[in-house]
Amino acid sequence: MEETIQVTKQQKNCITFQPEGDLLVRGIPGSGKTTVLLERARYLQMKQNDSVLFMAYNKSLTAYIRQISLKSDSKPVEATTFHQWGLRLVKEISLSHTHYIGDRKEDVVRHAYHTVLKRNEPLDFPKISDDDTRNSKLIQFLSDEISWIKGNGLTEWARYADKPRIGRGNQIKVSKQNRYAIFSVFEKYNELLKSYQYKSIDYDDVALLIDQYFHKVSKDQRPAHILIDEAQDLTAMQLKVIAKLARTSLTIGADKGQQIYHRNFAWKDVGIDVIGRSKFLNETFRSTQEIIRLAKDFQKRDVLLLKDEDYTETVLPSASGQIPVLVESNNLDAEVNTISKLVKRYLLNFPDDTIGIIGYSNRRLSKFSETLDEHKVPWVMIKEDETNMLLPGVKLVSYYSAKGLEFDHVIVANLKKGCLPYKKSPPGMDEEDFLATERRKFFVAMTRAKYTLTISAVRTYSPFIDELNPSLYKKITIK
Ligand SMILES: Nc1ncnc2c1ncn2[C@@H]1O[C@H](COP(=O)(O)OP(=O)(O)OP(=O)(O)O)[C@@H](O)[C@H]1O
């Protein structure tokens, strides 16, 4: 977002939409949702002279938004994630000494499970086949189920008991007795979290606690205007409290086609009124025709999305460029070597450009960083910190953290079977739903590219490679 841009009429209508009530801005990748939300934040800040808060799903996107916002002359916009902002509020209104349980959540679920098993009452858990004697799949299932319960605000037995299991798949059969057993673990888990031993909350608790202690939230603690980007990945409960917290207006940016967590709710279910207050941006500005043509064709494999009432076809942009390249390597070592050489060439030819290497995880990306060091290529890892994303050079970023970002040149790496899509779906999730979210990660990664796109496949290739239309890319095989 280097140049000053001329917003379109469609975008302007969103920016200056009436500053009271809700507004939903939907749009295809690169259609300017972030740009519009940021401009609207500035507009509201200036016109209304009242507090404005910009929220986004992950820390890398909020850091990026702060960086873009700082580049302009106007007052910077406060940007944060719901989890960061919410935890601060929770500490102020109820639990001053709390922190997130983070990666230890499954340990607490296991602790709760073993505690309820010792009770003198028969508990019937869902049958999940597992070779592991530690019941890891059941524990993971219980952990995901607890997130689902909290994310949908089903924290009372009466609400959970009969709730249709939308979004929880049909793979594992869950009877009423099973629900009773699960709910016993849920209650014990919450008790343990609060106990002296853990004194923690989990990520899903933030929305529940704000809802529970809403009467304690003062007017000054509630922003007048809240703008939220990438809202398709928030839970129903998170959106419900965000809608309650916004005093005057709530602006939501979302694209179902980029939803990488399995969610299922309608806007009205969470108290958001979008009737007559929904806008769609269908022009795309980031990428070239060649990149969007390939990504758009691939998106057609997402049958769940095509059936969704929110789905709208991506329109081709006017800018034209190089055809995307598919590089095939025999193994991961060959992949990092080839990509490192390619990156070196880009740096030489385009010293003022950003180059994003998007990989499966930070662990996988560390292989790139080692090899880039050997090739004497400077790089930065975009994790969740304040790495400057606007400066030229090489950025390493995971599929998750790449959401909402953009780079002049993108290399989507690790297209290997078992890596993307990941080798196994979480217990309980339907294979089709799982593949749809994994496919969207690839779609999101491809659409981060402005000028060139390279896809790097490693033997045994990801099945997604076969889903790419071969007439829309050029193939290079590295021996
Ligand atoms: N009217 C416009 N004219 C030219 N460029 C634009 C315009 N609107 C947005 N852009 C540029 O297009 C790119 C994509 O914009 P932005 O990131 O806001 O899209 P987005 O819809 O949020 O994308 P995504 O959902 O894929 O993350 C940015 O570089 C932005 O500066």
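Index from 1, following the sequence. None of the values given here were measured: they were computed from a predicted structure. First listed ligand is number 1; within each ligand, the first listed atom is number 1.
Under 4.0 Å from ligand 1, heavy atoms of Thr35 appear from its side chain as well as its backbone. Within the 4.0 Å heavy-atom criterion, neither part of Leu405 lies near ligand 1.
Ligand 1 places these atoms under 4.0 Å from at least one heavy atom of Gln258: 24 (P), 25 (O), 26 (O). Set against the non-hydrogen atoms of Gly32, the atoms of ligand 1 under 4.0 Å away are 9 (C), 15 (O), 16 (P), 18 (O), 19 (O), 20 (P), 21 (O). In summary, the atoms of ligand 1 found under 4.0 Å from a heavy atom of Ile28, numbered by their order in the structure, are 21 (O). Each of the atoms 13 (C), 14 (C), 28 (C), 29 (O) of ligand 1 lies under 4.0 Å from some heavy atom of Glu406. Close approach to Gln11 involves these atoms of ligand 1, each under 4.0 Å from a residue heavy atom: 1 (N), 2 (C), 7 (C), 8 (N), 9 (C).
Using a 4.5 Å heavy-atom threshold, the side chains of Ile339 and Phe368 count as touching.
Ile28 approaches Thr312 most closely through the heavy-atom pair CG2-O, 4.1 Å. Across every non-hydrogen atom of Phe54 and Ala41, the tightest pair is CD1-CB, 4.4 Å. Leu365 approaches Ile357 most closely through the heavy-atom pair CD2-O, 3.8 Å. Taking every heavy atom of both residues into account, Ala231 and Trp267 meet most closely at CB-CH2, 4.4 Å.
For ligand 1, the polar-atom distance check finds no N/O of Lys450 at less than 3.5 Å from any of the ligand's N/O atoms. Inclusion of Gln6 in the set of residues having an N or O under 3.5 Å from an N or O of ligand 1 is warranted.
Contacts classified as side chain to side chain donor-acceptor pair (under 3.5 Å) and involving residues 344-358 (residues at least two apart or in different chains) are given here: Tyr346-Thr452, Asp353-His409, Thr354-Asp408. Screening residues 222-246 for salt bridge (charged side-chain N to carboxylate O under 4.0 Å, His left out), with sequence neighbours left out, gives Asp211-Lys244, Glu230-Lys403, Asp233-Lys403.
Within the structure, ligand 1 has Gly30 among the residues with a heavy atom less than 4.0 angstrom away. In this structure, Val7 has a heavy atom closer than 4.0 Å to ligand 1. Remark: distances from the non-hydrogen atoms of Thr447 to ligand 1 are all 4.0 Å or more. Using a 4.0 Å heavy-atom cutoff, Val36 is absent from the residues neighbouring ligand 1.
Enclosure of atom NZ in Lys417 is not indicated, since only 12 or fewer non-hydrogen atoms of other residues, nucleotides or ligands lie within 6.0 angstrom.
Taking CE of Met55 as the start and OG1 of Thr251 as the end, the distance is 12.5 Å to the nearest 0.5 Å.
Closest to atom 17 (O) of ligand 1 by heavy atom, among Arg286, Glu230, Gln232, Arg448, is Arg286.
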